[in-house]
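Residues: numbered from 1 along the sequence shown. FYI, side chains are in, hydrogens and waters are out, and symmetry mates aren't considered; it's all heavy atoms of this structure.
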Amino acid sequence: MNYIRLLNAAFERLYFDDRPNPTHVSLYMALFHEWNANRFADGFFVSRRELMRAAKIGSKSTYHRCIVDLDSWGYLSYLPSNNPYKGSSVKMANFCQEVPESGHYSPMLEQLAEQYRPRGVPITGHHRPNDGHDVYPHRPTSGQALVSNINNTKQVNINKRPKDCRAVIDFFEKKGFGADEAKKFHGYYTDRLWQTGDGQPVRDWQALAISWMEHSTSTAAENGTKPKQVSQKEDHLRTSKTKDYGQPL
C-alpha cells in the first residue's frame, strides 16, 4: 500500500468530520503508526499501555471512550481482549477506496501529511481529494468557507481560564449571582489547576461557570433555600448613595 495516500485519505476523512476532538486524532495517529509497523495488515494486536503513551493519553477511561468512538464512526474495528497476556485486535479502515483520484489538490492536507510523515519515507505522489459532499456526511454544512485553525490557537484558547478573580466576579454578577459564589467557583478550580474531574484542562471557563450556577440553583431549590443573587451590580467601595450636604462639617 502507498503510505502517503493512506495518510492523506485519513486526514481528509478527519478534516471533514466534526465529531473527533484532538484526543481522537492523537489516538488514531498512534494506531496508524502501529498499522504501518505491521505493514498495513488486515488486522493486528495492540497494547493499551503503549497506545496511551504514544497518544499522550493519561486516563484509561478517556482511552476506551476514544477508541470506542473511532470504532462506531467507522475509522477502525476494535475487538477488546479479556486476556491480559494478549492484546486487543484492531482492523483499520482503508479510506483510499472511498476517495477517487479526480478532484482538487489540497495543499493543506499535503502539509499535514508531510508533518506526520516518518523520517525516511518518501512522498510518492499527490493526493487529490474530491469536494467531500457525498463521501463525508458529517462535513460542516453552514455554507461558510472552511478555514484552517492550525495557527488560530489564540482564538481557540481565549476562554480556557479567567484572567483573574475579578473577571469571574464580573461574569457571575452579569448572570445575577453574587461575588461570594464567584469566589467559591474561582477558588475551587484554582486549587485544581483549572482541570476537570477526569484530569483534562478546562476548555471554556465561562461555560463551566454557567454549569456551576445551574447546579447551585438546583441544589438551593432542593434544600429549600435561595442562592445569593444580586439585582444590580454591587457597590464594592461601600459608599453611601444618599448624602446630605446641608449639614455643617
* To do: Give, for atom CD of Glu50 and atom CZ of Arg48, the distance between the pair rounded to the nearest 0.5 Å.
  => 10.5 Å
* Side chain to side chain, Val168 and Glu173, heavy atoms closer than 4.5 Å -> no
* Do you know the tightest heavy-atom contact between Pro22 and Arg203? -> CD-NH2, 4.4 Å
* **Close side-chain approach of Trp205 to Trp212, heavy-atom, < 4.5 Å** => no
* **Verify same cluster id: Val90, Phe45 (apolar side-chain graph, 4.5 Å)** => no
* **Nearest-0.5 Å distance that lies between atom CG in Leu193 and atom CZ in Arg161** => 7.5 Å
* Asked: What's the spacing between Tyr15 OH and Asn8 CG if we round to 0.5 Å?
  -> 13.5 Å
* Structure fact -> Heavy atoms of Gly87 and Ser81 approach each other most closely as O-CB, 3.6 Å
* Give the intermediate values and the outcome of side chain to side chain contact (heavy atoms under 4.5 Å, CB included) for residues His186 and Trp194. => CA-CA 9 Å; His186 184 267; Trp194 291 96; 3.9 Å; yes
* If you take all heavy atoms of Ala93 and Gly74, which pair is closest and at what distance? -> CB-O, 3.4 Å
* Going by heavy atoms in the side chains, are Tyr78 and Ser88 under 4.5 Å from each other? -> yes
* **Spacing of Leu27 atom CG and Arg65 atom CZ [to the nearest 0.5 Å]** => 10.5 Å
* Parallel, tilted or perpendicular: ring planes of Phe172 versus Phe177, cut at 30 and 60 degrees -> perpendicular
* Would a 4.5 Å heavy-atom cut-off, applied to side chains only, mark Trp73 and Pro20 as touching? -> yes
* Does some side-chain heavy atom of Lys183 sit less than 4.5 Å from a side-chain heavy atom of Ile169? -> yes
* To do: Please confirm whether the backbone N or O of Ala41 pairs with a side-chain atom of Asn38, one donor and one acceptor, at under 3.5 Å?
  => no
* To do: Give the C-alpha distance, both sets of side-chain angles, the deciding distance and a yes or no for side chain to side chain contact (heavy atoms under 4.5 Å, CB included) between Phe185 and Tyr188.
  => CA-CA 5 Å; Phe185 170 81; Tyr188 180 85; 5.8 Å; no
* Does any non-hydrogen side-chain atom of Leu70 lie less than 4.5 Å from one of Tyr28? -> yes
* Asked: Between atom NZ of Lys91 and atom CG of Asp71, what is the distance when rounded to the nearest 0.5 Å?
  -> 12.0 Å
* Kindly work out whether a path of hydrophobic side-chain contacts (I/L/V/M/F/W/Y, heavy atoms less than 4.5 Å apart) joins Leu79 to Leu76. => no
* To do: Apply side-chain contact (heavy atoms from CB on, under 4.5 Å) to Asp164 and list each qualifying residue two or more places apart in sequence or on a separate chain.
  => Arg166, Ala167
* To do: For Thr23, enumerate each residue passing the side-chain contact (heavy atoms from CB on, under 4.5 Å) test, keeping only those at least two apart in sequence or located in another chain.
  => Asn21, Ile57, Thr62, Cys66
* Is any side-chain heavy atom of Asp69 closer than 4.5 Å to a side-chain heavy atom of Arg19? -> no
* Asked: From Met92 CE over to Phe32 CZ, what is the distance, rounded to the nearest 0.5 angstrom?
  -> 7.0 Å
* Phe95 side chain reached by Leu6 side chain, heavy atoms, under 4.5 Å -> no
* Axial cation check for Tyr75 ring with Arg13, 6.0 Å and 45° limits -> yes
